[in-house]
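Let me begin by presenting the structure, written as C-alpha coordinates, before commenting on it.
Just so it is clear: chains get the letters A, B, ... in the order the sequence lines come, proteins before strands, and each one is counted from 1.
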Amino acid sequence: MNPTCGTQLFELPIETTEGKFIARYSEKGLSGLEFPAGADSSRAKTVKAAIPRPIRNWHRAASQALARVLAGKAPGKLPPLDLSSGTDFQRCVWTALQKIMPGQTRGYGEVARLIGRPKAVRAVGGACGANPIPVLIPCHRVLAANRKLGGFSGGLDWKRALLAREGVSFSR
DNA sequence: TAAGTGCGTCGTT
DNA sequence: AACGACGCACTTA
(Lines give C-alpha, C1' and ligand atoms only; values in the text may rest on other atoms or scores of the structure.)
Protein backbone atom coordinates (compact mmCIF):
# COMPACT_ATOMS: atom_id res chain seq x y z
CA MET A 1 0.00 0.00 0.00
CA ASN A 2 2.44 2.61 1.03
CA PRO A 3 5.98 2.19 -0.24
CA THR A 4 7.65 2.88 3.08
CA CYS A 5 6.05 -0.20 4.51
CA GLY A 6 8.54 -2.83 5.44
CA THR A 7 11.57 -0.59 5.25
CA GLN A 8 13.71 -0.12 8.31
CA LEU A 9 12.82 2.93 10.37
CA PHE A 10 15.07 4.60 12.87
CA GLU A 11 13.72 6.68 15.68
CA LEU A 12 16.06 9.07 17.41
CA PRO A 13 15.44 11.68 20.10
CA ILE A 14 16.10 15.36 19.67
CA GLU A 15 16.60 17.21 22.91
CA THR A 16 15.41 20.79 22.72
CA THR A 17 14.58 23.61 25.09
CA GLU A 18 10.97 22.61 24.58
CA GLY A 19 11.44 18.97 25.38
CA LYS A 20 12.36 15.73 23.72
CA PHE A 21 11.12 15.35 20.18
CA ILE A 22 11.34 12.08 18.29
CA ALA A 23 12.62 12.03 14.74
CA ARG A 24 11.86 9.13 12.47
CA TYR A 25 13.97 8.20 9.47
CA SER A 26 13.53 5.88 6.54
CA GLU A 27 16.27 5.01 4.11
CA LYS A 28 15.10 7.97 2.07
CA GLY A 29 15.25 10.67 4.69
CA LEU A 30 13.40 12.24 7.59
CA SER A 31 9.92 10.77 7.52
CA GLY A 32 8.39 11.93 10.76
CA LEU A 33 8.70 14.18 13.76
CA GLU A 34 6.81 13.84 17.00
CA PHE A 35 6.26 16.45 19.66
CA PRO A 36 7.53 15.71 23.14
CA ALA A 37 5.32 13.23 24.92
CA GLY A 38 3.19 14.93 27.54
CA ALA A 39 4.11 13.28 30.84
CA ASP A 40 7.58 11.90 30.20
CA SER A 41 6.27 8.59 28.99
CA SER A 42 9.92 7.74 28.52
CA ARG A 43 9.46 6.01 25.19
CA ALA A 44 13.17 5.93 24.67
CA LYS A 45 12.91 3.78 21.57
CA THR A 46 16.51 2.77 21.72
CA VAL A 47 17.67 1.62 18.35
CA LYS A 48 19.33 -1.74 18.48
CA ALA A 49 20.97 -1.77 15.10
CA ALA A 50 23.88 0.52 14.40
CA ILE A 51 22.82 3.83 12.97
CA PRO A 52 23.92 4.22 9.38
CA ARG A 53 26.19 7.14 8.59
CA PRO A 54 23.72 9.02 6.36
CA ILE A 55 21.07 8.87 9.02
CA ARG A 56 23.41 10.28 11.61
CA ASN A 57 24.11 13.17 9.28
CA TRP A 58 20.44 13.72 8.61
CA HIS A 59 19.77 13.63 12.30
CA ARG A 60 22.37 16.28 12.97
CA ALA A 61 20.83 18.52 10.32
CA ALA A 62 17.32 17.88 11.59
CA SER A 63 18.32 18.65 15.17
CA GLN A 64 19.87 21.95 14.21
CA ALA A 65 16.97 22.86 11.98
CA LEU A 66 14.50 22.11 14.74
CA ALA A 67 16.39 24.23 17.23
CA ARG A 68 16.42 27.11 14.78
CA VAL A 69 12.73 26.98 14.08
CA LEU A 70 11.94 26.70 17.78
CA ALA A 71 13.95 29.88 18.16
CA GLY A 72 11.79 31.58 15.57
CA LYS A 73 14.35 31.43 12.81
CA ALA A 74 14.50 29.78 9.40
CA PRO A 75 15.46 26.10 9.55
CA GLY A 76 18.55 26.41 7.42
CA LYS A 77 19.65 23.25 5.73
CA LEU A 78 17.20 20.40 6.01
CA PRO A 79 17.93 16.72 5.56
CA PRO A 80 16.11 15.02 2.71
CA LEU A 81 12.46 14.54 3.59
CA ASP A 82 10.67 11.29 2.92
CA LEU A 83 7.11 12.32 2.24
CA SER A 84 6.15 9.09 0.56
CA SER A 85 3.48 8.38 3.14
CA GLY A 86 1.33 11.13 1.71
CA THR A 87 -1.00 11.34 -1.25
CA ASP A 88 -0.18 13.56 -4.20
CA PHE A 89 -2.55 16.17 -2.88
CA GLN A 90 -0.99 16.13 0.56
CA ARG A 91 2.54 16.39 -0.77
CA CYS A 92 1.42 19.30 -2.87
CA VAL A 93 0.12 21.07 0.22
CA TRP A 94 3.20 20.22 2.29
CA THR A 95 5.44 21.61 -0.40
CA ALA A 96 3.47 24.84 -0.41
CA LEU A 97 3.79 25.07 3.36
CA GLN A 98 7.56 24.97 3.15
CA LYS A 99 7.50 28.24 1.25
CA ILE A 100 5.96 30.14 4.14
CA MET A 101 8.79 31.97 5.87
CA PRO A 102 9.05 32.44 9.64
CA GLY A 103 6.84 35.25 10.83
CA GLN A 104 4.63 34.91 7.78
CA THR A 105 1.23 33.27 7.73
CA ARG A 106 -1.24 32.07 5.13
CA GLY A 107 -4.91 31.16 5.43
CA TYR A 108 -6.29 27.72 4.61
CA GLY A 109 -8.16 29.27 1.71
CA GLU A 110 -5.05 31.07 0.59
CA VAL A 111 -3.07 27.83 0.49
CA ALA A 112 -5.90 26.23 -1.45
CA ARG A 113 -5.60 28.94 -4.09
CA LEU A 114 -1.82 28.72 -4.11
CA ILE A 115 -1.94 25.06 -5.08
CA GLY A 116 -4.56 25.72 -7.72
CA ARG A 117 -7.57 24.22 -5.95
CA PRO A 118 -9.39 27.23 -4.61
CA LYS A 119 -12.34 25.21 -3.46
CA ALA A 120 -10.45 22.47 -1.66
CA VAL A 121 -10.19 24.59 1.46
CA ARG A 122 -11.33 22.00 3.88
CA ALA A 123 -9.16 19.35 2.28
CA VAL A 124 -6.17 21.62 2.83
CA GLY A 125 -6.99 21.61 6.51
CA GLY A 126 -6.97 17.85 6.37
CA ALA A 127 -3.60 17.78 4.67
CA CYS A 128 -2.17 20.12 7.30
CA GLY A 129 -3.42 17.78 9.96
CA ALA A 130 -1.72 14.88 8.22
CA ASN A 131 1.65 16.65 8.07
CA PRO A 132 4.15 14.05 9.31
CA ILE A 133 6.89 16.58 10.03
CA PRO A 134 5.37 19.45 11.96
CA VAL A 135 7.48 22.48 12.83
CA LEU A 136 9.98 21.79 10.05
CA ILE A 137 7.11 21.72 7.59
CA PRO A 138 5.48 24.78 9.12
CA CYS A 139 1.83 23.93 9.17
CA HIS A 140 1.58 26.10 12.27
CA ARG A 141 1.79 29.14 9.98
CA VAL A 142 -1.59 28.39 8.48
CA LEU A 143 -4.37 30.33 10.15
CA ALA A 144 -8.11 30.30 9.60
CA ALA A 145 -9.98 33.20 8.04
CA ASN A 146 -9.99 36.47 10.02
CA ARG A 147 -6.56 35.42 11.28
CA LYS A 148 -8.12 33.13 13.79
CA LEU A 149 -6.01 30.31 15.10
CA GLY A 150 -7.70 27.32 13.50
CA GLY A 151 -6.57 23.90 14.65
CA PHE A 152 -3.37 22.02 15.23
CA SER A 153 -2.78 18.31 15.45
CA GLY A 154 -0.06 18.73 18.04
CA GLY A 155 -2.35 20.77 20.29
CA LEU A 156 -3.18 24.45 20.02
CA ASP A 157 -0.71 25.37 22.76
CA TRP A 158 2.11 24.37 20.45
CA LYS A 159 0.68 26.39 17.61
CA ARG A 160 0.40 29.45 19.82
CA ALA A 161 3.92 29.01 21.15
CA LEU A 162 5.50 28.51 17.74
CA LEU A 163 3.75 31.56 16.32
CA ALA A 164 4.72 33.61 19.34
CA ARG A 165 8.37 32.76 18.79
CA GLU A 166 8.02 34.16 15.30
CA GLY A 167 6.31 37.31 16.45
CA VAL A 168 3.03 36.48 14.75
CA SER A 169 -0.15 37.90 16.15
CA PHE A 170 -3.57 36.42 15.58
CA SER A 171 -7.13 36.91 16.66
CA ARG A 172 -8.91 35.10 19.35
C1' DT B 1 -19.71 42.51 18.24
C1' DA B 2 -19.93 37.80 19.36
C1' DA B 3 -21.69 33.34 18.93
C1' DG B 4 -24.35 29.87 16.66
C1' DT B 5 -26.49 27.46 12.36
C1' DG B 6 -26.54 25.72 7.67
C1' DC B 7 -24.58 24.60 3.59
C1' DG B 8 -21.12 24.32 -0.18
C1' DT B 9 -17.02 21.81 -1.31
C1' DC B 10 -13.56 18.08 -1.81
C1' DG B 11 -9.74 14.84 -0.48
C1' DT B 12 -9.42 10.79 2.48
C1' DT B 13 -10.87 6.66 4.67
C1' DA C 1 -21.18 7.24 2.66
C1' DA C 2 -19.24 9.86 6.44
C1' DC C 3 -16.01 12.97 8.25
C1' DG C 4 -12.98 17.17 8.84
C1' DA C 5 -7.09 21.96 11.59
C1' DC C 6 -12.60 25.61 6.44
C1' DG C 7 -15.25 29.73 4.47
C1' DC C 8 -19.24 32.31 3.88
C1' DA C 9 -23.83 34.03 4.42
C1' DC C 10 -27.15 34.82 7.74
C1' DT C 11 -29.59 34.89 12.23
C1' DT C 12 -29.74 36.04 17.21
C1' DA C 13 -28.61 38.13 21.27
Do side-chain atoms of [X] reach the backbone of [Y] as a donor and acceptor pair under 3.5 angstrom?
| X | Y | value |
| --- | --- | --- |
| A:K148 | A:F170 | no |
| A:R91 | A:L83 | yes |
| A:H59 | A:P13 | yes |
| A:R24 | A:L33 | no |
| A:K20 | A:I14 | no |

(message) Within residues 88-97 of chain A, which residues have any heavy atom lying less than 4.0 Å from an atom of DNA chain B?
(response)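 Correct list: A:F89, A:Q90.
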(message) Does A:R172 form a side chain to side chain contact (heavy atoms under 4.5 Å, CB included) with A:L149? I'd like the steps, not just the answer.
(response) CA-CA 7 Å; A:R172 171 171 298 279; A:L149 199 52; over 6 Å; no
Nucleotide N/O to protein N/O under 3.5 Å, stretch nucleotides 7-10 of chain C:
unit_1	atom_1	unit_2	atom_2	d
C:dG7	OP1	A:A145	N	3.2
C:dG7	OP2	A:A145	N	2.9

Give the table of side-chain donor-acceptor pairs shorter than 3.5 Å for residues 131-139 of chain A, with sequence neighbours excluded, one pair per line with atom names and distance.
unit_1	atom_1	unit_2	atom_2	d
A:N131	OD1	A:I133	N	2.9
A:N131	ND2	A:I137	O	2.9

(message) If you take any heavy atom closer than 4.0 Å to DNA chain C, which residues from residues 160-172 of chain A end up in contact?
(response)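 Close to the strand, none.
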Euclidean distance, atom [atom1] of residue [X] to atom [atom2] of [N] [Å, nearest integer]:
| X | N | atom1 | atom2 | result |
| --- | --- | --- | --- | --- |
| A:R117 | B:dT9 | CZ | P | 17 Å |
| A:K119 | B:dG11 | NZ | C1' | 14 Å |
| A:I115 | B:dT9 | CD1 | P | 17 Å |

(request) Look at A:E166 together with A:R141 and state whether they make a salt bridge at an N to O cut-off of under 4.0 Å. (result)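 Salt bridge present between A:E166 and A:R141.
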(message) Dot-bracket for DNA chain B, please. Rules: Watson-Crick or G-U, both distances under 3.5 Å, ( ) within the strand, [ ] when a pair crosses earlier ones, | for another strand, . otherwise.
(response) ||||||||.||||
[X] [atom1] to [Y] [atom2] distance, which is reported to the nearest 0.5 Å:
| X | Y | atom1 | atom2 | value |
| --- | --- | --- | --- | --- |
| A:F10 | A:I55 | CZ | CD1 | 4.5 Å |
| A:R165 | A:L70 | CZ | CG | 8.5 Å |
| A:S63 | A:E15 | OG | CD | 9.5 Å |

(request) May I have all residue pairs that pass ring pair (Phe, Tyr, Trp, His ring centres under 6.0 Å) and include part of residues 126-168 of chain A, sequence neighbours excluded? (result)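 Listed once each, the pairs are A:F21-A:W158, A:F35-A:F152, A:F35-A:W158.
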(request) Could you tell me which non-hydrogen atom of A:W58 sits nearest to which non-hydrogen atom of A:S26, and how far apart they are? (result)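 For A:W58 versus A:S26, the nearest heavy atoms are CZ3-O, 3.4 Å.
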(request) From the options B:dG11, C:dA5, B:dT9, select the nucleotide whose nearest atom is closest to the side chain of A:C128. (result)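 Nearest nucleotide to the side chain: C:dA5.
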